[in-house]
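Following: one structure in structure tokens, then a few remarks.
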Amino acid sequence: MFNLMANCCNWLKRWREPVRKVTLIMVGLDNAGKTATVRGIQGESPEDVAPTVGFSKIDLKQGRFEITIFDLGGGKRIRNIWRNYYAESYGVIFVVDSSDIERMEETKQAMIEVLNSPKISGKPVLVLANKQDREGALSEADVIESLSLEKLVNEHKCLCQIEPCSAIMGCGKKIDKSIKKGLLWLLQIIAKDFDALNERIQRDTTEQKAYEEQKKLERAERVRRIREERYFVCNSFSITSSLL
Ligand code: G3D
Ligand code: MG
């Protein structure tokens with residue numbers, strides 16, 4: 001009886017919680033398994049994924065959360081687009097290919113770059129130590145050591161959880177439990193500090209939009225000047241030719 005009442009109270013509490021819109025970024029090197037992971041979360045087959053060109057955006061619901069995940073391409077040349085999404089991100093999902101030992105240093109450098117950003121520092125980070133099904137994959141402890149994860153997240157005051165997992169194990173309800181557990185952890189941390197985090201995100205995104213607007217104006221001004229110069233050169237050329 002007591003249990004039933006407690007369950008009812010919990011349900012009522014959850015029902016009264018406001019709907020929260022949350023944006024997350026999913027980053028990590030190319031081939032780490034980011035797209036396979038989001039597809040699994042979405043309930044789609046994680047097999048036969050094509051390399052991500054640029055980014056893809058996924059919307060889903062989890063309890064009282066409306067989540068947008070940006071699955072960002074991880075190739076070396078497009079990694080610099082990640083920073084465009086930092087301001088609006090409430091948390092980070094960093095996917096690691098635990099079986100690719102040769103690229104651990106590159107993975108570590110990519111993670112340092114992400115956490116070094118003032119728009120990310122202090123936000124929660126979920127590390128998915130993916131491809132655990134592969135022979136020779138590093139264990140959770142080895143991934144922590146290879147990435148100097150403890151030092152890194154402490155330095156940047158990021159709460160962090162690591163989950164060893166396999167994105168290709170299943171999808172939807174059959175998704176690897178560790179991925180689900182990690183996502184719930186991330187949402188729970190975000191919920192705990194939601195108001196402060198939300199305020200920071202509103203401030204940072206307004207700042208970023210103003211910066212982008214300024215850059216756009218500068219670009220337009222540059223183009224206008226180049227056109228003006230070209231017009232001037234062409235005109236003086238035709239005047240000179242007509243005089244000859
Ligand atoms: P990315 O989005 O991070 O670039 P993808 O990575 O999701 O595109 O995955 C890259 C390759 O790794 C894919 O194989 C995918 O099936 C595979 N993969 C992803 N997660 C796992 C996993 O947990 N275990 C194993 N064994 N493979 C995984 P292909 O062959 O399509 O390139
Ligand atoms: Mg991808």
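Counting convention: from 1, in listed order, for ligands and their atoms alike.
For ligand 1 and Asp133, the ligand atoms under 4.0 Å from any heavy atom of the residue are 22 (C), 23 (O), 24 (N), 25 (C), 26 (N). Less than 4.0 angstrom separates some heavy atom of Ala167 from each of these atoms of ligand 1: 20 (N), 22 (C), 23 (O). Taking every non-hydrogen atom of Arg134 and a distance limit under 4.0 Å, the qualifying atoms of ligand 1 come out as 26 (N).
One of the N, O or S atoms belonging to Thr35 lies under 2.8 Å away from the Mg ion (ligand 2).
By the 3.5 Å distance cut-off applied to N or O atoms, Ser166 is counted among the residues near ligand 1. By the 3.5 Å distance cut-off applied to N or O atoms, Ala32 is counted among the residues near ligand 1. Taking any N or O of Lys34, backbone or side chain, at least one lies under 3.5 Å from an N or O belonging to ligand 1.
Of the candidates Ile168, Asp176, Ile179, Ile168 brings a heavy atom nearest to atom 16 (O) of ligand 1. When the heavy atoms of Gln132, Glu135, Lys131, Met169 are ranked by distance to atom 28 (C) of ligand 1, first place goes to Lys131.
Side-chain atoms of Gln214 and Glu218 include a donor-acceptor pair closer than 3.5 Å. For the residue pair Gln208 and Asp204, no side-chain donor N or O sits within less than 3.5 Å of a side-chain acceptor on the partner.
Checking each of Ser166, Ser98, Ser178 against Gln132 for a side chain to side chain donor-acceptor pair (under 3.5 Å) leaves exactly one that passes, namely Ser98.
Of all the heavy atoms of Asn31, the ones lying under 4.0 Å from any atom of ligand 1 are found in both the backbone and the side chain. Proximity of Leu29 to ligand 1, defined as any heavy-atom pair under 4.0 Å, is confined to the backbone N, CA, C and O atoms.
Under a hydrophobic clustering in which Ile, Leu, Val, Met, Phe, Trp and Tyr are joined whenever their side-chain heavy atoms come within less than 4.5 Å, directly or via other members, Ile25 and Ile190 fall into different clusters.
Taking the six-membered ring where the residue is Trp, Phe94 and Trp82 present perpendicular rings, their angle passing 60° and hence far from 30°.
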CA sep, side-chain torsions, deciding dist, call: Tyr86, Val114, side-chain contact (heavy atoms from CB on, under 4.5 Å): CA-CA 8 Å; Tyr86 292 164; Val114 177; 3.6 Å; yes

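Interatomic distance, CG of Asn154 versus OG of Ser148, reported as 11.5 Å (0.5 Å rounding).
By the 4.0 Å heavy-atom criterion, Val95 is excluded from the residues contacting ligand 1.
Under a 4.0 Å N-O distance rule, the pair Arg224/Glu228 qualifies as a salt bridge.
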